[in-house]
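Letters A, B, ... mirror the listed sequences (proteins, then strands); counts begin at 1.
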Protein chains: 2
Amino acid sequence: MHGYDKYAFEPFAVTVDLAVFTLRAGALHVLLVERAQEPYAGRWALPGGFLLPTESAETAARRELAEETGLTDVSGLHLEQLRTYSEPDRDPRMRVVSVAFAALLPDPPEPRAGTDAAEARWTPYDTAGPLAFDHDRILADARTRIGAKLEYTCLATAFCPPEFTLGELQQVYETVWGTVLDRPNFRRKVLATPGFVEAVPGAARLTGGRGKPAALYRAGTATALHPPLLRPTPEGRPA
Amino acid sequence: MHGYDKYAFEPFAVTVDLAVFTLRAGALHVLLVERAQEPYAGRWALPGGFLLPTESAETAARRELAEETGLTDVSGLHLEQLRTYSEPDRDPRMRVVSVAFAALLPDPPEPRAGTDAAEARWTPYDTAGPLAFDHDRILADARTRIGAKLEYTCLATAFCPPEFTLGELQQVYETVWGTVLDRPNFRRKVLATPGFVEAVPGAARLTGGRGKPAALYRAGTATALHPPLLRPTPEGRPA
DNA sequence: CCCCTTAATAGTCACTCAGACTATAAAAGG
DNA sequence: CCTTTTATAGTCTGAGTGACTATTAAGGGG
C-alpha cells in the first residue's frame with residue numbers, strides 16, 4: 001500500500017545471485033565460487049553480491065558477472081532475471097533477499113577469483129554438489145528455465161560463439177536437454193525458422209574435423225521460435 | 001559474494017506489488033487502489049505493501065491479496081512471481097526493491113478498501129491509465145506473461161469458477177489474447193489434451209441462456225499443455 | 001591412389017495436428 | 001411450428017514433424 005509513513009518496515013539486505021552456464025566438452029557447466037567465510041565456509045556457492053546503492057539488480061548482476069568471469073565486455077551476453085528468493089531463513093545471519101539471474105556464455109573463459117579472494121571454478125552441472133544457502137534450488141530453477149526457453153526462443157545461440165555450425169547448435173540443445181536429436185530434422189527446423197540463423201556467405205568450414213566440413217552460421221535477428229522447437233516428449237511432462 | 005563482513009551494504013525497503021486480474025463482462029480487469037498520500041497522491045496504483053520481518057515475498061503477496069480483495073481464502077488462487085523491479089529511482093523517496101506478482105481470480109468479488117483506507121476498484125485493463133511509480137510497466141509485463149502462459153499451461157482455468165463450460169474457457173483465451181477463436185477447433189484441442197479439463201458427470205447446463213445448454217467441466221490435474229495452444233499468429237511475432 | 005570411415009547435407013514418407021469449414025442437436029422465443 | 005441461438009459432431013486440407021534413406025565432401029590407412 002506504499003504508505004510508508006504509516007507502516008514500520010524492516011530493512012533488508014538485497015543481493016544478486018548468478019547461475020552462469022556454459023558448455024564445455026559437451027557438458028553443461030556452471031560457475032561456482034568457494035566460500036571463504038562462515039557460514040558455509042569451504043562450501044561452493046553461486047557467485048553474487050550486494051546491490052550497491054545506485055545500481056539496479058540487473059546492473060549489479062552484470063557487474064558481478066564481469067568480476068567473476070574476468071570478462072571485460074559482458075554487454076552482449078545473455079543475462080536474464082530468474083526470480084527472487086526471499087524465505088526468511090535462507091541466510092542464517094540476517095534477512096537477505098536475493099534476486100537470482102541466469103547467464104549464458106559461449107566460450108568458457110577461465111574464471112578468476114573474485115575480489116574476496118574466493119576460488120572460482122567451472123563445474124559440471126551434475127557434480128555441482130550441495131551448495132551453500134538455497135543455491136541448489138536456485139541452480140535447479142535456472143536450469144529448468146534455460147531448458148524451457150530453448151523450446152520457444154532462439155536462446156541457444158547465446159551458448160555459441162559468433163560463428164557456429166548447425167552441429168554445434170544442435171549440441172547445445174542435446175546437452176541442455178540431455179536428449180539426442182535427429183540431425184536432418186534439426187537442420188530442417190532451424191533453417192525453416194526465419195531469423196533464427198543466417199548463413200555466413202564465405203561458407204567456411206570448421207575445426208580440422210574428419211568428415212565433410214560444415215557451413216557456418218550466425219545468430220539471426222529473431223528472438224522467438226514460432227512454432228516452438230519442442231523437446232522429445234519423455235512422456236507426459238508435468239509443469 | 002556473500003562476504004558480509006567485508007562489504008558495506010545498503011539496507012533496502014522491500015515491497016510486493018500485485019497485478020490481480022479477473023474477467024468481468026468479457027473484459028480483462030485489474031485491481032487498482034487509489035493512493036491517499038504523496039507521492040502520486042490521487043493516482044491509481046497496484047496494490048502491494050512491505051514485507052514483514054518473518055514472511056517471504058510469496059507470503060506477503062498472499063496476505064496483501066487477501067487484504068485487498070477481502071477474500072477469506074486465497075489459498076487456491078493462482079499467484080505467481082513475475083519479476084523484481086529494482087531501478088534506483090523507481091520511488092522518489094527512498095530505495096525500494098519490489099517483487100511483483102501476478103494473480104488470477106475467477107469470480108470478481110467487490111474489493112474492499114485496504115487497511116490504509118485507500119479506495120480499491122476493478123478497472124478495465126485498457127483504461128488503467130497512467131499508474132503511480134513504475135506500475136504501468138509492471139502491469140504490462142504481467143499481462144504479457146499471462147498471455148504467454150495461456151499458450152503452454154492450463155492457466156486459463158484459474159480465471160474460471162470451479163465448474164465452467166468450454167465456451168467460458170474459450171472466452172478466457174479470447175479476452176486475454178484479444179482474438180477470436182474457432183469454437184469447434186478449440187473444443188477439439190482442449191478435450192484432446194489429457195488432464196486439461198474433466199467433464200462433470202451430471203452433465204448440467206448453465207445460466208438461463210438461449211441455445212443448447214453446455215456441458216460443465218472442472219479443471220483437470222495437468223498444468224502444462226503439450227503441445228501448446230498457440231494463439232493465432234498476427235504475423236511474425238517478435239519476442 | 002583407392003577404399004573406408006566420418007560427418008554434413010539432401011530428400012522421402014507417413015502420421016499428427018491445426019485451420020477452415022459444414023452439419024446436426026437441443027434449447028428459448030415468437 | 002418455425003426461427004434463432006448456442007453447443008457439439010464431423011470433414012477436408014495443408015503445415016510440420018518423426019523416422020528414415022541417399023548423397024556429398026572431407027580425412028586416413030593400406
Side-chain angles (χ1 to χ4, degrees), chain A residues 26 150-152 160 163-174 177 179-194 196-217 222 224-237, chain B residues 26 150-152 160 163-174 177 179-194 196-200 202-217 224-237:
Chain A
L150 286 190
E151 290 191 323
Y152 56 93
C160 295
E163 298 192 342
F164 51 88
T165 69
L166 293 187
E168 291 168 343
L169 187 64
Q170 181 176 346
Q171 276 210 6
V172 172
Y173 280 90
E174 292 181 335
W177 285 349
T179 59
V180 175
L181 301 177
D182 180 82
R183 195 186 286 261
N185 291 340
F186 180 81
R187 280 183 70 76
R188 187 219 290 155
K189 172 68 182 177
V190 170
L191 295 178
T193 303
F196 194 176
V197 298
E198 54 185 37
V200 176
R205 41 169 306 181
L206 198 65
T207 61
R210 286 276 275 284
K212 178 175 177 176
L216 287 179
Y217 294 84
L225 247 50
H226 282 280
L229 175 45
L230 300 175
R231 72 188 97 183
T233 157
E235 277 338 282
R237 192 164 2 131
Chain B
L150 287 190
E151 290 191 323
Y152 56 95
C160 295
E163 298 192 341
F164 53 87
T165 69
L166 293 186
E168 292 169 341
L169 187 66
Q170 183 177 344
Q171 275 209 8
V172 173
Y173 281 90
E174 293 182 333
W177 286 349
T179 60
V180 175
L181 301 177
D182 181 82
R183 196 186 284 262
N185 290 341
F186 180 81
R187 282 182 69 77
R188 187 219 290 157
K189 173 67 181 176
V190 170
L191 295 178
T193 303
F196 193 175
V197 299
E198 53 185 37
V200 175
R205 43 168 305 181
L206 199 63
T207 62
R210 286 275 275 284
K212 177 175 177 176
L216 286 179
Y217 294 84
L225 246 49
H226 282 280
L229 174 46
L230 300 175
R231 73 187 95 180
T233 155
E235 276 338 281
R237 193 161 4 128

In whole angstroms, the gap separating P of C/dA18 from CG of B/D182 amounts to 12 Å
A/L229 atom CG is separated from D/dT17 atom P, nearest whole Å, by 8 Å
Checklist line | Side chain to side chain, A/L150 and A/L229, heavy atoms closer than 4.5 Å | finding: no
Atom CZ of B/R188 and atom P of C/dG19 are separated, to the nearest Å, by 8 Å
(request) Without swapping roles, check the side chain of A/T165 against the backbone of A/E168 for a donor-acceptor pair under 3.5 Å. (result) yes
Rounded to whole Å, CG of B/N185 lies from P of D/dA15 at a distance of 16 Å
A/L225 CG to D/dG16 P, in whole Å, measures 12 Å
Here the distance between atom P of D/dG16 and atom NE2 of A/H226, to the nearest Å, is 13 Å
Rounded to whole Å, CD of B/Q170 lies from P of D/dT6 at a distance of 13 Å
Test side chain to side chain contact (heavy atoms under 4.5 Å, CB included), reference B/K189, set B/P227, B/P184, B/P228, output is B/P227
ask   = Closer than 4.0 Å, any side-chain N/O of B/K189 to the OP1 or OP2 of C/dA18?
value = yes
Rounded to whole Å, the CZ-C1' distance (B/F186 to C/dA20) equals 17 Å
Looking only at D/dG27, C/dA20, D/dG16, the nucleotide nearest the A/R210 side chain is D/dG27
Check: B/Y173 ring centre within less than 6.0 Å of B/F186 ring centre: yes
Practice problem: Using atom types as modelled and distance alone, determine if a side-chain donor or acceptor of A/Q170 lies under 3.5 Å from a backbone N or O of A/L181. | Solution: yes
- Query: Can you list the steps and then say if B/V172 with B/F164 is a side-chain contact (heavy atoms from CB on, under 4.5 Å)?
  - Reply: CA-CA 11 Å; B/V172 173; B/F164 53 87; over 6 Å; no
Please list, for nucleotides 7-9 of chain D, all pairs of protein and nucleotide N/O atoms separated by less than 3.5 Å.
| unit_1 | atom_1 | unit_2 | atom_2 | d |
| --- | --- | --- | --- | --- |
| D/dA7 | OP1 | B/R183 | NH1 | 3.4 |
| D/dA7 | OP2 | B/R183 | NE | 3.1 |
| D/dA7 | OP2 | B/R183 | NH1 | 2.5 |
| D/dA7 | OP2 | B/R183 | NH2 | 2.6 |
| D/dA7 | O4' | B/K212 | O | 3.4 |
| D/dT8 | OP1 | B/A215 | N | 2.8 |
| D/dT8 | OP2 | B/R187 | NH1 | 2.5 |
| D/dT8 | O5' | B/R187 | NH1 | 3.3 |
| D/dA9 | OP2 | B/R187 | NH2 | 3.2 |

